[in-house]
Amino acid sequence: AAKIYSEKNSDIEIKVVDHGRDDIEQKIHTSLSANAINTLPDIVLIEDYAAQKFLTSYPNSFMPLNDVID
């Protein structure tokens, strides 16, 4: 997906990094708790149950994408 997107948007750099579930969840929690959001990626893929936990615990930390993603 990154390759296809980059072909149409050459001015955007996409770096795909694969982390284990526990590692990324800990990084998100630690960064949000410390208000160190600049250490977080722009996009992260996590399971629904973990996402709900973060959305509830840090309600103003995530951008809703309902208007751009169905």
Side-chain angles (χ1 to χ4, degrees):
K3 181 182 180 216
I4 292 168
Y5 187 84
S6 294
E7 289 172 359
K8 294 181 180 182
N9 302 277
S10 60
D11 58 327
I12 303 293
E13 179 184 348
I14 297 175
K15 181 178 178 183
V16 178
V17 179
D18 189 13
H19 290 284
R21 179 180 52 97
D22 292 338
D23 292 338
I24 194 63
E25 288 183 16
Q26 182 61 44
K27 179 178 177 71
I28 294 170
H29 175 68
T30 301
S31 297
L32 290 174
S33 293
N35 198 29
I37 58 172
N38 60 331
T39 64
L40 292 170
D42 294 322
I43 299 172
V44 64
L45 177 64
I46 57 177
E47 287 93 357
D48 290 348
Y49 72 91
Q52 189 61 42
K53 175 178 62 175
F54 290 120
L55 292 170
T56 302
S57 298
Y58 308 99
N60 297 315
S61 298
F62 297 91
M63 178 181 289
L65 299 174
N66 305 39
D67 292 339
V68 293
I69 297 175
D70 183 9

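Just so you know, residue 1 is the first one in the sequence shown, and it goes up from there. Small disclaimer: the values here were computed from a predicted structure and weren't measured.
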Determine, using the 4.5 Å side-chain heavy-atom cutoff (strictly less than), whether Ile24 and Leu55 are members of one ILVMFWY cluster. yes

Sequence neighbours excluded, the answer for side-chain contact (heavy atoms from CB on, under 4.5 Å) partners of Ser61 is Leu32, Tyr58

Show me the donor-acceptor pairs, under 3.5 Å and distance only, between side chains in residues 36-48 and residues at least two apart or in other chains.
from	atom 1	to	atom 2	distance (Å)
Thr39	OG1	Ser31	OG	2.8
Thr39	OG1	Ala36	O	2.7

Contacts satisfying salt bridge (charged side-chain N to carboxylate O under 4.0 Å, His left out) that involve residues 52-62 (not counting sequence neighbours) are Glu25-Lys53

Selection residues 12-24 - residue pairs positive for salt bridge (charged side-chain N to carboxylate O under 4.0 Å, His left out), sequence neighbours left out: none

Quick one: name the residues clustered hydrophobically with Tyr49, using the 4.5 Å side-chain heavy-atom rule over I, L, V, M, F, W, Y, and just say none if it's on its own. none

So which residues get pulled into Met63's cluster when ILVMFWY side chains under 4.5 Å apart are joined, directly or through others? Leu65, Val68, Ile69

For residues 4-12, which side-chain donor-acceptor pairs fall under 3.5 Å, sequence neighbours excluded?
from	atom 1	to	atom 2	distance (Å)
Ser6	OG	Ala2	O	2.9
Asn9	ND2	Tyr5	O	3.0

